[in-house]
2 protein chains.
Amino acid sequence: MNNGAKEKTMKKVDGRGQRSEESRGRILNSATRIFAKKGLDGARIDEIAEDAGINKRMLYHYFGSKEDLYVEVLRFNYEKIYTLSKNAFNLADDSKENVTRAVRAYFYFLAKNEDFVRLTSWEALNGGRFAKKVIPQFFDLVELEFGDIIKDGIKRNFIRPDTDIRQVIVSVQALCLVYFNRREIVQPLWQEDLLSEEMLEVRLQHILALIFDGIFSHEEE
Amino acid sequence: MNNGAKEKTMKKVDGRGQRSEESRGRILNSATRIFAKKGLDGARIDEIAEDAGINKRMLYHYFGSKEDLYVEVLRFNYEKIYTLSKNAFNLADDSKENVTRAVRAYFYFLAKNEDFVRLTSWEALNGGRFAKKVIPQFFDLVELEFGDIIKDGIKRNFIRPDTDIRQVIVSVQALCLVYFNRREIVQPLWQEDLLSEEMLEVRLQHILALIFDGIFSHEEE
DNA sequence: ACCATAAGTAACTAACTGGTTACATACTTT
DNA sequence: AAAGTATGTAACCAGTTAGTTACTTATGGT
């Protein structure tokens, strides 16, 4: 419904159409930040409108309702990681390199998109009620691409044949996500900046070491 | 403040004192369930009061405010895992057995206390703002005990000496937590009951395999 | 029996929230 | 320039929420 109106205004390159697109964009960005920070319940429409420098009337004009806006925010952000998986998850000859690159890409994507981490965390807590409405393939897509990398690794005998791919995918997600998800709780205990270049790399190397020595075939034991 | 009133009523074994303790307990249980399900913002005081079969007036009498009740709920639930770490985290001679037992205890505690998983997840999303107020040692305690197990493993040469203990603790938490945290999102994709005895054991064994082959010294590679 | 107090009830309020409406202005097309 | 539409504003509404108040009932000590 909003998409229809959007397209109609889109064809105007200048003037009102452009301004409406700008407004939509500003709302989406503000809403992303505020929904990420406070969740669907905690976020206030008035706050989003004010932050976007737009009137509440216009916000409802563009997005219909709070929940609809929230869903649009999810779509807007999920598209980012969808793009990531299409670009960074390639199948080369070196299995170890494939996994490393995919995990690194995923890890640094999360590091640089805290809003995304938080949005998905809120979603997890309400059972993916809204995420399901938007791009239901999303979760699959990234996982499928990563799954292919693992499968290929098994075929090439770099990864143990009895590896449970689904479990590995959940584990990789877990190892990356929780670091950012619980950052604010861990930070005061560690007394270090978990987002510094060094600490990020330490964490990533730890994750890779854990994964590889777990899933790669060993000669011994 | 409430503790004072509580103690005063406690000394009566029967009658008013007992009933007030019962009421407090019922409120705490209802609040745990509802806060876990909907979070601090989503939960409604009226809903909690009704669920506890008590008047809202009394709820405020016992707990002062919504936030105070929330904090009490956190304390009430954190004490459970504190007890766990004291009972299940023992140092025996077999390092592998120590780690296995601790991880298993932690994993099954989470499996059987979904409210706890959700409460801590909500807390992670608001930066542990309220958790910090209650038992600030909590997070440390479990981690310290587990850290000791790892340290002991290193001393006994079962675990690589260059192991970053903090990273391992976060990773263990991650591998266990995310399975339950994202259960509702993973479930429709896997089309299996993630909480069935079999699936729980599959996940636990996967976690243990991943951890051990990561942190235990190998002869090769 | 009586009284002080704890436990409980229901109705209320002041503030706030998501959502709406009546109205004004700016821009584009013809 | 007229007309139509996109964009914007502010006041408003109905429902909800956390928290309160005035009042009643039950209990235990004396």
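These numbers were taken from a predicted model, which means no experiment stands behind them. Throughout, protein chains are lettered first and strands after them, A, B, ... in sequence-line order, and every chain is numbered starting at 1.
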Rounded to whole Å, CG of B:Asn55 lies from P of C:dC12 at a distance of 15 Å

Taken to the nearest whole Å, CE/A:Met58 to P/C:dA24 is 16 Å

For A:Asp115, the side chain to side chain donor-acceptor pair (under 3.5 Å) test, sequence neighbours excluded, returns none

| field | D:dG19 base / B:Lys66 side chain donor-acceptor hit below 3.5 Å | value | no

| If we ignore angles and hydrogens, is there a donor and acceptor under 3.5 Å between the side chains of B:Arg203 and A:Gln167? | yes

Which of B:Phe180, B:Trp122, B:Phe109, B:Tyr82 passes ring pair (Phe, Tyr, Trp, His ring centres under 6.0 Å) with B:Phe116? It is B:Phe109

Taken to the nearest whole Å, CG/A:Leu59 to P/C:dG19 is 10 Å

Just to confirm, is there a sub-4.0 Å distance from OP1 or OP2 of D:dG8 to any side-chain nitrogen or oxygen of A:Ser23? yes

### Message
Salt bridge check, A:Glu50 against A:Lys56: does any charged N sit closer than 4.0 Å to a carboxylate O?
### Response
no

Between NZ of A:Lys56 and C1' of D:dA10 the distance, given in whole Å, is 11 Å

In whole angstroms, the gap separating P of C:dA6 from OH of B:Tyr62 amounts to 11 Å

Rounded to whole Å, CD of B:Glu50 lies from C1' of C:dG8 at a distance of 16 Å

Q. Is any side-chain N of the basic residue among A:Glu123 and A:Arg129 closer than 4.0 Å to the acidic one's carboxylate O?
A. no

Within residues 32-46 of chain A, the residues having a heavy atom closer than 4.0 Å to DNA chain C are A:Ala43, A:Arg44, A:Ile45, A:Asp46

On DNA chain C, more 5' by nearest nucleotide between B:Arg57 and A:Arg57 is B:Arg57

In whole angstroms, the gap separating P of C:dT9 from NE2 of B:His61 amounts to 13 Å

For A:Asp193 and A:Met199, the nearest pair of non-hydrogen atoms, with its separation, is O-CG, 3.4 Å

Whole-Å distance, B:Phe63 CZ to D:dA18 P, equals 16 Å

Sorted by chain and number, sequence neighbours left out, side chain to side chain donor-acceptor pair (under 3.5 Å) with B:Arg104 holds for B:Glu201

